[in-house]
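Quick note: numbers below take in every heavy atom, side chains included, and nothing from hydrogens, waters or symmetry partners. Everything quoted here is computed from the prediction, not taken from an experiment.
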Amino acid sequence: MLGTIPFDEGAANSLITAATAADITLLFAASARRSAAEDAAADFSGAYADRFAEAAVAEAGDRVRLAGALGRLADAVQVVIGEAQRERERLANVDAWQGRETARQQADDEPRGIFEVEPTPMFDPKPSDVPIRPTPISASFSASDRPRTAGGSSMGRSSADPERLRTFVASARASDRGFSERAEQLRTAWSGFTTDCSWAEVSSSTLLTGFDRYLQENASDADWIERIASAFERAGGSNGLSNTVLDFAAAATIPPSFRTLLTPGATPAEVAATWAGLGLTKGDEADLQALPLEVLAMLGNLEGIPYWARDTANHEVLDDRLARKNLDPDEREALKSIRASLGENRFLISLTGDVPPLAAVSIGDLDTATNVTWAVPGMASSTKTMTGWVQAAQNVADEQFKVDGPGNRAVIAWMGYDAPPAPPDLGVFNEDAAESGGANLAASIRGLDAARAGDMPRTNVLAHSYGTTTASIGLTAPGVHVDSFTSIASAGIPQTIPTAEDIQADHVYAGQAQDTMVGIPGLGDQYAYIGRGFSVPYRLDPTSSSFGAETFGADGTDGFEPVKDHGVHTESGNGYLDPGTESLRNVAKTTTGHGDRVTPAG
């Protein structure tokens, strides 16, 4: 025997069966996939509808080409089966002839008698000894790329019916599951063929990887369309969304434009410039809700972007967090207080992920205000009592109206740092919290400067108690300057800021009610002097003549009530920012450019 060839016809037929089944499955899916795509496209318009149509055409084209490649593979294997059969026949014929030839040679070598006749040779030509070479099998296919962004049309808008899109996704995934099963069967059959049919020659074997790539593109399309549907649902089923927003909401990864926007360490000015390039305006407020929540959480605290965008983002995040189960009790209490503090003409311009979160509520529109005041709280403040601090800020806003008349002003109830708790905690006597809080305040001021570049309003910082320590540190940071800084009930200015001139403000004001003993309520401020005198190192009194601030009264005059408590908003109505107090009236003056009209300190 000369041997045979390594070719298992059963393995070859299994490959033909698998390829043919996959071919038929792909072709028979055409009607259902076309119908699903047409239904989804019925209420789909804009650049994203164009991308969807392009993807559908690309998928159909890939599917037809893939089916054709599978059919050609089956045909090619069938041809090789025939060639293998013929080669086996040739080898068998050569083997048989060789046997006959050997027998003849043996017969020629045997002695013959005198009467024996030499046999006449038969006509037995040798079969061909040229091996049959199999026709090389080409199993080739590559899937096409499919665009999934609005591309050059990002400034436009797209609309869709999210329910129709989800129906398409369900239908596409159902057929893709069938395709995947056929691909797995084909992979198994191909492995058996290449193992058991090594006689066959394969000139190209990209079909399986191409099939996988086709399935991956299909899966990416389904995921993409599902993200688009989710975006429209988050926006309340809006009939139109900005393509810029959809570029982000529909992307599997953060697109370059937003990646630049969210780059860690980007300055507010850089953020503002990137945002301007996106072309989003207040008219796109509803569109912003389409973005994923994790992105909204970042945008809500991003210094340099417009405040309408931050407010929109933070409202979405706030609602989502409050809807979660098993929230930390402190977080829930704070979030509920933040929500209760919101209302008409109030904007949630900051909401961090801390527990409890830090937050800032602006009373008035920061995107258009011509006068902005940060109100920085002191010891024991937290978002768990956000309603109280917002009410104090509202008192300031109302008093500003009385002093300055109608105007486009904003007062920020800024709970932007972790204030130290009340004693016995000793945090109020050091400057750790003030250092980090001052950096946050400085960032907020720079953010307004960047967001309002070329249209900067008058800016003021009002701080109470330990907040004055925090604010004074923030107002010595690089790149920060305000028109006025007003200190009330100061727990002391750090010795590193020896005079009012060291604070980066055109005017520095300070107000302080008379000191009184701790435990004797209703007579004056029972805590401020303790914060100054017992801190380590001791801190400076901004009302002292050596500091050089412009001082004002808080003990009551000209029909205004005296301050009789260290707090700002008290039940008795005698806190530093309670209506009717001399303190509140003077604060309203210093924060509206009328500091020359304050009542003098007693």
**Item:** salt bridge (charged side-chain N to carboxylate O under 4.0 Å, His left out) evaluation trace for Asp525 with Lys564
**Value:** CA-CA 6 Å; Asp525 190 323; Lys564 296 182 179 181; over 6 Å; no
**Prompt:** Can you tell me how far the CG atom of Asp555 sits from the OG1 atom of Thr581, to the nearest 0.5 Å?
**Reply:** 11.0 Å
**Item:** Distance (rounded to the nearest 0.5 Å) between Thr496 OG1 and Arg539 CZ
**Value:** 10.5 Å
**Message:** Here's a test for you: under side-chain contact (heavy atoms from CB on, under 4.5 Å), which of Val390, Leu584, Val568 qualifies with Asn395?
**Reply:** Leu584
**Complete:** Heavy-atom closest pair (Ala359 atom, Leu348 atom, distance to 0.1 Å) is CB-CD1, 4.5 Å
**Asked** Out of curiosity, Ser472 OG to Ile493 CD1, how far, rounded to the nearest 0.5 Å?
**Response** 4.0 Å
**Asked** Should we say atom CD of Glu294 is surrounded by more than 12 heavy atoms from elsewhere, each under 6.0 Å from it?
**Response** yes
**Message:** Between Asp367 and Arg452, does any NZ, NE, NH1 or NH2 come within less than 4.0 Å of an OD or OE carboxylate oxygen?
**Reply:** no
**Fill in**
On a heavy-atom basis, the closest approach of Phe485 and Ala463 is CE1-CB, 3.9 Å
**Asked** Short question: side chain of Glu270, backbone of Thr267 - any donor-acceptor pair under 3.5 Å?
**Response** yes
**Request:** Report the residues that fulfil salt bridge (Lys or Arg N to Asp or Glu O under 4.0 Å) with Glu285, sequence neighbours left out, ordered by chain and then residue number.
**Result:** Lys282
**Message:** Does Ile305 form a side-chain contact (heavy atoms from CB on, under 4.5 Å) with Arg310? I'd like the steps, not just the answer.
**Reply:** CA-CA 7 Å; Ile305 70 171; Arg310 293 174 63 169; 3.6 Å; yes
**Message:** Under a 3.5 Å threshold, yes or no: a donor from one side chain and an acceptor from the other, between Gln512 and Tyr576?
**Reply:** yes
**Prompt:** Which residues satisfy the ring-ring contact (aromatic ring centres under 6.0 Å, His included) test with Tyr527, sequence neighbours excluded?
**Reply:** His566
**Message:** Does this structure show an ion pair linking Glu303 with Arg446, if we count only N-O contacts that are shorter than 4.0 Å?
**Reply:** no
**Request:** Walk me through it: do His594 and Asp404 pass the test side-chain hydrogen bond (donor to acceptor under 3.5 Å, both in side chains)?
**Result:** CA-CA 8 Å; His594 302 294; Asp404 197 42; 2.7 Å; yes
**Item:** From CG (Asp578) to CG (Asn574), nearest 0.5 Å
**Value:** 7.0 Å
**Message:** Between Arg458 and Asp483 (side chain of the first, backbone of the second, donor and acceptor by atom type, cut-off under 3.5 Å), is there such a pair?
**Reply:** no
**Asked** Does the Gln504 side chain pair with the main chain of Val480, one donor and one acceptor, at a distance under 3.5 Å?
**Response** yes
**Message:** Tell me whether Arg157 is salt-bridged to Asp287, with the criterion being a basic N under 4.0 Å from an acidic carboxylate O.
**Reply:** yes
**Message:** Please check this pair: side chain of Ser337 against backbone of Glu333, looking for a donor-acceptor N/O pair closer than 3.5 Å.
**Reply:** no
**Prompt:** Is it true that the side chains of Gln391 and Ser341 contain a donor and an acceptor less than 3.5 Å apart?
**Reply:** no
**Asked** Judged by atom type as modelled, is there a donor-acceptor pair below 3.5 Å linking the side chain of Thr383 to the main-chain atoms of Met386?
**Response** no
**Message:** What's the separation between atom CG in Leu246 and atom CH2 in Trp224, rounded to the nearest 0.5 Å?
**Reply:** 10.0 Å
**Request:** Determine, stepwise, if the pair Asn408 / Thr370 fulfils side-chain hydrogen bond (donor to acceptor under 3.5 Å, both in side chains).
**Result:** CA-CA 6 Å; Asn408 193 357; Thr370 57; 5.8 Å; no
**Request:** Look at the side chain of Tyr417 and the backbone N and O of Val376, then say whether any donor-acceptor pair between them is shorter than 3.5 Å.
**Result:** no
**Prompt:** CG of Asp50: more than 12 outside heavy atoms within 6.0 angstrom?
**Reply:** yes
**Request:** Output the distance between atom OG1 (Thr373) and atom CD1 (Ile363), rounded to the nearest 0.5 Å.
**Result:** 10.5 Å
**Message:** Is it the case that atom CD in Glu501 sees more than 12 heavy atoms from other parts of the structure closer than 6.0 Å?
**Reply:** no
**Asked** Has the side chain of Lys589 got a donor or acceptor atom that lies under 3.5 Å from a matching backbone atom of Val598?
**Response** no
**Asked** Distance only, no hydrogens: is a donor on one side chain within 3.5 Å (strictly under) of an acceptor on the other, for Asn586 and Thr599?
**Response** yes
**Prompt:** Distance-only, no hydrogens or angles: does the Asn460 side chain make a donor-acceptor pair with backbone N or O of Val372 under 3.5 Å?
**Reply:** yes
**Fill in**
Of Arg324, Lys384, Arg321, the one forming a salt bridge (charged side-chain N to carboxylate O under 4.0 Å, His left out) with Glu331 is Arg321
**Asked** Taking the side chain from Arg227 and the backbone from Ala250, do they hold a donor-acceptor pair closer than 3.5 Å?
**Response** yes
**Fill in**
Tightest non-hydrogen contact, residues Thr591 and Thr486, listed as CG2-OG1, 4.2 Å
**Message:** Whether the side chain of Thr244 engages the backbone of Leu278 through a donor-acceptor N/O pair (distance < 3.5 Å, no angle test) should be reported.
**Reply:** yes
**Prompt:** Going through the distances and angles, do Asp449 and His481 end up as a side-chain hydrogen bond (donor to acceptor under 3.5 Å, both in side chains)?
**Reply:** CA-CA 10 Å; Asp449 190 21; His481 184 274; over 6 Å; no
**Asked** Judged by modelled atom types alone, do Thr590 and Ser484 share a side-chain donor-acceptor pair under 3.5 Å?
**Response** no
**Asked** When you check the side-chain N and O atoms of Asn301 and Ser350, is any donor under 3.5 Å from an acceptor?
**Response** yes
**Request:** Report the residues that fulfil ring-ring contact (aromatic ring centres under 6.0 Å, His included) with Tyr307, sequence neighbours left out, ordered by chain and then residue number.
**Result:** none
**Request:** Write down the atom of Ala489, the atom of Ala528, and the distance for their closest heavy-atom approach.
**Result:** O-CB, 3.7 Å
**Asked** Do NZ/NE/NH1/NH2 and the carboxylate oxygens of Asp398 and Lys402 come within less than 4.0 Å?
**Response** no
**Request:** Locate the shortest heavy-atom distance separating Gly378 from Ser465; write the atom from each residue and the value.
**Result:** CA-CB, 4.1 Å
**Message:** So that I can tick it off, tell me whether Asp319 and Arg339 are bridged by a salt bridge, with the cut-off set at under 4.0 angstrom between side-chain N and carboxylate O.
**Reply:** yes
**Message:** For a quick check under 3.5 Å, do Asp502 and Thr499 share a side-chain donor-acceptor pair by atom type?
**Reply:** yes
**Message:** One pair to check against side-chain contact (heavy atoms from CB on, under 4.5 Å): Val361 and Met415. What are the steps and the verdict?
**Reply:** CA-CA 8 Å; Val361 173; Met415 199 74 74; over 6 Å; no
**Item:** Asn243 and Ser158: side chain donor to acceptor below 3.5 Å
**Value:** yes
**Asked** Should the pair Trp389 and His464 be assigned to parallel (<30°), tilted (30 to 60°) or perpendicular (>60°) ring geometry?
**Response** tilted
